[in-house]
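Lettering of chains follows the sequences in order, A, B, ..., and the numbering in each one begins at 1.
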Amino acid sequence: MQSEPTPQSYDPATIEVAWQAIWERDRTHEVADDLPRSQCYYVLEMFPYPSGKLHMGHVRNYTIGDAVARYKRMRGFHVLHPMGWDSFGLPAEQAAIERGAHPKAWTYENISYMRGQLKRMGFSYAWSREFACSDPGYAAREQDIFLDLVEKGLVYRKSSMVNWSTGLNTVLANEQVIDGRCWRTGTLVVQKELPQWFMRTTAYADELLAQTHQLPGWPEAVLTQQRNWIGRSQGAEIDFPLADAAGRPLAEKLTVFTTRPDTIFGVTFMSIAPEHAALDSIVPATHRAQVDAFRDETRAVSAHERTGDTAEKKGCFTGAYVINPLTKERVPLYAANFVLADYGTGAVMAVPAHDERDFAFARKYGIPIRQVIVADGAAAGELEEAFTGVGELIASAGFTGMRSDAAKEAITAKLEGDGIGRGTITWRLRDWGISRQRYWGNPIPFVYGERSGAVPLRKQDLPVTLPDDVRFDGIGNPLAKHPTWSTTGKDGQPLTVRTASGPEPARRETDTMDTFMESSWYFARFTCADDAKPLDRRRVDHWLPVDLYIGGIEHAVLHLLYARFFQKALCDIGYSSVREPFKRLLCQGMVCMESYSRELPDGKREWFYPDEVEETHDDKGKVIAARARKDGAPVQVGRVEKMSKSKRNTVDPQQLIDTYGADTARLFILFAAPPERDLEWNPDAVVGANRFLKRLWTLVTDHLAVLAAGAAFAGHARDLRGADQTVVRKVHATIKRATDAMEKDFAFNTTIAACMELMNELKPEQLSPPVFTLGVTTLLRLLAPMVPHICHELWSRLDASRDVTAAGWPGYDASQIDSDLFEYPVQVNGKLRSKITLARSLTGVALEEVVRGHAEIQRLIEGKTLRKLLVIHAKIITLVVG
RNA sequence: GCGCGCGUAGCCCAAUCGGCAGAGGCCGCCGGCUCAGAACCGGUGUGAUGGGGGUUCGAAUCCCUCCGCGCGCACCA
């Protein structure tokens, strides 16, 4: 049983709630929009999906962001630090299906609970700017923007093969397909053809790629991933005329894309995607049946199995031939399972000698392999594997002898001159399919006239709102099944579109937008959340780019690429002139914990909660065994991995707050690891964090009389001696370390360590009151961004005139850090041999003279030859003797 | 396979420009306090900085290579 807290003991529940009430009452963390930009700072954390309650990943993300926001405020910045809710999405509908809860009610109840948790953590958000994406106001403004994008030609509709999740009955983006399975449900993804709405992300492919080289504040890993995803590929399109079996050219042609036009003289066949549209007209009747069969066979397997690394390369001769435009040679055309219809032109000139896939294919089907490139200095010979490098051309007519780079250009130029090819760039990046066959999303503001087809809504007919009376049975799209919604206008009358010949009956688009749409501009809306228009350009341009954006690396190519695209699109429809939304990106690591499990006889795994397990340690404290309490039988200590419910290695933030308070949770999270690194949850270390705060509490409250009585020491350390001098130096050194750590990488862990060190030095019985006061007040100011409640509370007891935030981040005086003497380590031939103490003020030639003459140095070189003497001021003395 | 990152004490992690390997915390151990325990206070660190090689007066740090772990991409022509 815990004893009842006395007024003197640290009672986080009371002081934290009290300060949170003060911040709420005073609207402490709101910020104006008209201050000089150089004094402003926009820090943003990726807003959460309101799934029910905060998990430890959220708490870490938001703790980091809050510590930055509070730190920047103490440095005098006007900080914009908003929060909202990414509240459209599938889990709400899953809840409706499974529990009968209405998505709207479920979502807003979750928001209400989670907002309470955020406030209980003491996060310093500008709550007046809060919104949820499912709020009618936000969704309506997004529709407004959408229509502008339509106007600008950045939205279009086309029928296309889509990833269809059999688990969700909906379309998934490529990014939502992981190993051929649905990212959410893990069910199989199949290919299906549907009309879809697309955002023209490819219109910005060049800029999206180029700007990755101008984002120094982003982690290299994210930039690399985005570059891979965009996938720029420079090469040429080349036309190959079709030929009949006798080799006579036909009128039709096939165009290939290649990055290696220099290998064109090595082409011995052509391969084409089995579902390529041109095949129907190309394949002669004699081969039609088997090509169709091959296509169906290919289609039957999922995209992943088909293109996976291990998949067998298979093909089928089409009965057709093409002519190599440079050699005029006739080569066979194969349908091949590894050729993708939607990349490049869907057809590939096959050069087995210089491409691994073509090599394997040629071996399998007995197709000739003709080498046309040799590595520099090598001779042509029998190839055991494809040579995919660059080198010198052989057997390539007039291009023989050229190097690959030159040949690429020369051959492309020749093809261009002949009108049968052209240099071109192909992208891996596709347009963004945004249609979702779901209810809980933002409706796409289009209608379909009976005869006139898809028509965008007029702005005065916005917004399209979701109906509340919807049934959820988990099959198909609830919106499409609603009896009246899709055919009723805003005025309650049957929906029509205007045409030249008068109103025409129409029905609504029932697809809703991918929820990545909402998260693509919420950071802009935060700058002007009260504006009637979708965005207020003045304020958007005032605050953007976000100075620091914090979130998980799992969004490296999803959200972060869409948001970059969207920002550029917003610029081009007049809402901003800032083309990159995030100046600096911080990707925090995962929150991990040890897991315990054992294998059951049936091969399954049984997982244990930590308190179900007893560990035994050796005499150094190393864990040597673990067994389950219930049966005493051993369990395996799993590796430290991301918290997950199924592995029973989660910690509930609410429980943590209830037990230790928000400040302890914050302190542990910031102290246990640097932000980018994975954090290993350690319940013992949480207790340690709590212990530190208790000691801080006691240190201040036990000496309130002394601390509140007089001012902190403001003189110079040189005028002090003994413990007072040591502590004043320590104070300045600590401020420097803490400041450097914050400015460099937000290395809260080292900032906190420096504070712990300082506190260990603060022994009131050995210090004069002004110096002790300096130490304590410095400590409170340095810790305030990280553990704001306890620091505000203690500060208020020392100084009622202003709060600790207003007191600001302390500055330091470099001249007060170091003592007048420096103890030089002396290395002889790289080994530490001795130490000598000299005045720090000694530098340069004078310093070297003193060292040379020093008795200790003389002793070290006695009887040997001094070959070299290096004296680095305030660092080290190195002797090289022989 | 390719790309990015990481590897320091039993564990989590520090170490500005290449300059004495150790700041802080946890665990363990010892001691104080206590009838006793918890809490609290004090004390307590011997590692080839993952292996090998190189550059240097000097390498945890820079370069090469290998090993291990994590993440991402993966038939993109």
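- Comparing B:C67 with B:G22, their C1' atoms sit 27 Å apart, to the nearest whole Å.
- Checked by distance alone, A:Lys313 brings a side-chain donor or acceptor within 3.5 Å of a matching partner on the base of B:C75.
- In a base pair of the Watson-Crick type (N1 to N3 plus N6-O4 or O6-N4) or a G-U wobble (N1-O2 and O6-N3), with each distance short of 3.5 Å, B:C4 is matched with B:G70.
- Between A:Tyr343 and B:A77 there is a side-chain polar atom (N or O) within less than 4.0 angstrom of OP1 or OP2.
- Closest to the side chain of A:Glu680, out of B:G24, B:C11, B:G19, is B:C11.
- When rounded to the nearest whole Å, the span between CZ of A:Arg691 and P of B:G42 equals 11 Å.
- The base of B:C20 is not paired with the side chain of A:Lys875 by any donor and acceptor separated by under 3.5 Å.
- Candidate nucleotides B:C13, B:C76, B:C27 were compared by shortest atom distance to the side chain of A:Ala673, and B:C13 ranks first.
- Here, B:G5 and B:C40 have their P atoms 42 Å apart, quoted to the whole Å.
- The phosphate of B:A14 (OP1 or OP2) has a side-chain N or O of A:Asn749 nearer than 4.0 angstrom.
- Atom name P, nucleotides B:A39 and B:C13: the rounded distance is 25 Å, in whole Å.
- Contact annotation: A:Thr426 side-chain N/O to B:C76 OP1/OP2 distance is not under 4.0 Å.
- Distances shorter than 4.0 Å separate none of the side-chain N or O atoms of A:Arg232 from OP1 or OP2 on B:C76.
- In this structure, A:Asp262 and A:Ser404 approach most closely via the heavy-atom pair OD2-OG, 3.1 Å.
- When the nucleotides B:C13, B:C20, B:G72 are ranked by their closest atom to the side chain of A:Gln225, B:G72 comes out on top.
- For the pair A:Arg695 CZ and B:G24 C1', the interatomic distance rounds to 11 Å; values are reported in whole Å.
- Separation of the A:Phe671 and A:Phe692 ring centroids does not fall under the 6.0 Å cut-off.
- Taking every heavy atom of both residues into account, A:Leu758 and A:Lys730 meet most closely at CD1-CG, 3.7 Å.
- Figure legend. B:U44 is base-paired to B:G28; pairs are counted as Watson-Crick or G-U wobble with both atom distances under 3.5 Å.
- Nucleotides B:U56 and B:U44, compared at atom C1', are 38 Å apart to the nearest Å.
- Of the candidate nucleotides B:G24, B:G19, B:C20, B:G24 has the atom nearest to the side chain of A:Phe671.
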